[in-house]
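The chains referred to below are lettered A, B, ... by the order of the sequence lines, with proteins before strands, and numbering in each begins at 1.
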2 protein chains.
Amino acid sequence: MGDVPATNDLEQMLREVGLRVTRPRVAVLGAVHTLPHADTDSILGAVRAELPEVSHQAVYDSLHTLTAKGLVRRIQPSGSVSRYESRVGDNHHHAVCRSCGVIVDVDCAHGAAPCLTASDDHGFVIDEAEVIYWGLCPDCSTASS
Amino acid sequence: MGDVPATNDLEQMLREVGLRVTRPRVAVLGAVHTLPHADTDSILGAVRAELPEVSHQAVYDSLHTLTAKGLVRRIQPSGSVSRYESRVGDNHHHAVCRSCGVIVDVDCAHGAAPCLTASDDHGFVIDEAEVIYWGLCPDCSTASS
DNA sequence: CCATATTCTTGACTTGTTCAAGAAAAAGGG
DNA sequence: CCCTTTTTCTTGAACAAGTCAAGAATATGG
């Protein structure tokens, strides 16, 4: 875990979900693996390091497509722009720093898929419980004391 | 609970947190009480029903000030614009419909302030755990079946 | 290698929100 | 009750993220 997949693996991932393999998509998927929790702009920058000519639209399209196919996950805490991560399907959550906005992964406190039970679901068919822990990251909490 | 406070009560709330009492602020605070989970535009509309001349900027300013003083809470699920609610300080969560975007309140499943424990906080000083239940509301789940 | 469907480029546009300057209004002291 | 000071509101422009649309380019299956 934590390793960034090789290009071949990235192409494989795309094929497995039935997507055409294009240079922009491979680069975007790679960037999301390399830069967890990056915003669209950072991803665009990383992709252009490799493919200087890609349009921002291609990156937006790729991110949407990859999100729809479940290869990446979009996260968007209040007040933040969209960010993406490659860790999918393992029910983890996030801690967000109120001061600098940094995001870290937090494994779910209670095991497998625990938080999926609301006390009263009002008739909703719930498929996911998202938990965001708000606070100050180590750097900001020492800096502000 | 659930009653919309009278104008006098609203003014009182403003004074208690040290804010000047102005017509726009009273109207905004009232609108947030009347329309829970409303977006800025709906609030603007509700305020203008009463004060046709208010600027949208006054509404934005009021909402920010009220939020800063803790009289209202801002919520902003992924893909949604800012919404506001008047129910504050009681650790409740939200269920959001993926289809129509409607938001309902959900009381915390485990009691008082339970979700505030991450399995590993990475050194964060956490002050709030926000839970969003994603799914389909009763209307949308029957419509799409 | 070709045909077809998909994807990418280009560039304009929308929407929600913020910024800034001056006018208006609230609150406290005389 | 009026005046002064500070805060808030109005007006209007600006901004950023993301979306839309038309045509050019490219991937894939045959």
Original post:
Residues from residues 52-64 of chain B sitting under 4.0 Å of DNA chain C, heavy atoms only?
Top reply: H56(B), Q57(B), Y60(B), H64(B)

Original post:
Between R87(B) and D107(B), is there a salt bridge with N-O shorter than 4.0 Å?
Top reply: yes

Original post:
Considering only heavy atoms from C-beta outward, does the side chain of V32(B) approach that of L63(B) to under 4.5 Å?
Top reply: yes

**OP:** Compute whether any side-chain donor of one residue and acceptor of the other, for H56(A) and D41(A), lie under 3.5 angstrom apart.
**Re:** no

**OP:** Could you identify which residues of residues 36-51 of chain B place a heavy atom less than 4.0 Å from some atom of DNA chain C, listed by residue number, or say none?
**Re:** T40(B)

Original post:
Going through the checks in order, is the side chain to side chain contact (heavy atoms under 4.5 Å, CB included) test met by L71(A) and L14(A)?
Top reply: CA-CA 8 Å; L71(A) 290 182; L14(A) 290 170; 4.1 Å; yes

Original post:
So, R98(B) and E128(A), do they make that salt bridge, N to O below 4.0 Å?
Top reply: yes

**OP:** Could you run through nucleotides 23-29 of chain D and give me one letter per nucleotide, 5' to 3': B if any protein heavy atom sits under 4.0 Å from the base, S if only the sugar-phosphate is that close, - if neither?
**Re:** ----BS-

Subject >> Considering all heavy atoms, the nearest F124(B)-P138(A) contact >> reply: CD1-CD, 3.8 Å

Subject >> Option among D9(A), V72(A), L10(A) that satisfies the side-chain contact (heavy atoms from CB on, under 4.5 Å) test with H33(A) >> reply: L10(A)

Original post:
More than 12 foreign heavy atoms under 6.0 Å from CD of E16(B): is that the case here?
Top reply: yes

**OP:** State whether a side-chain donor-acceptor pair under 3.5 Å links H122(B) with D105(A).
**Re:** no

Original post:
Going hydrophobic residue to hydrophobic residue with side-chain gaps under 4.5 angstrom, can you get from V131(B) over to V102(B)?
Top reply: yes

Subject >> Nearest-Å distance for atom pair CG/P, residues L14(B) and dC9(D) >> reply: 10 Å

Original post:
Under a criterion of less than 4.0 angstrom to any heavy atom of chain B, what are the 5'-terminal and 3'-terminal contacting nucleotides of DNA chain C?
Top reply: dG16(C) to dA27(C)

Original post:
For S99(B), which residues count as a side-chain hydrogen bond (donor to acceptor under 3.5 Å, both in side chains) partner, sequence neighbours excluded?
Top reply: none

**OP:** Examine L29(A) and V4(A) and state if one hydrophobic cluster contains both, with Ile, Leu, Val, Met, Phe, Trp and Tyr joined whenever side-chain heavy atoms are less than 4.5 Å apart.
**Re:** no

Original post:
If you look at every strand shown and take non-hydrogen atoms under 4.0 Å, does T65(B) touch a base, only sugar-phosphate, or nothing?
Top reply: nothing

Original post:
Is there a side-chain contact between I103(A) and P77(A) (heavy atoms, below 4.5 Å)?
Top reply: yes

Subject >> Residue pair R83(A), H94(A): steps toward the side chain to side chain contact (heavy atoms under 4.5 Å, CB included) verdict >> reply: CA-CA 12 Å; R83(A) 293 164 178 274; H94(A) 296 107; over 6 Å; no

Original post:
Do T40(A) and Y84(A) have side chains that get closer than 4.5 Å, going by heavy atoms?
Top reply: yes

Original post:
For the helix from dC1(C)-dG30(D) to dG30(C)-dC1(D), what angle lies between the axis at the first five pairs and the axis at the last five pairs, to 10 degrees?
Top reply: 40°

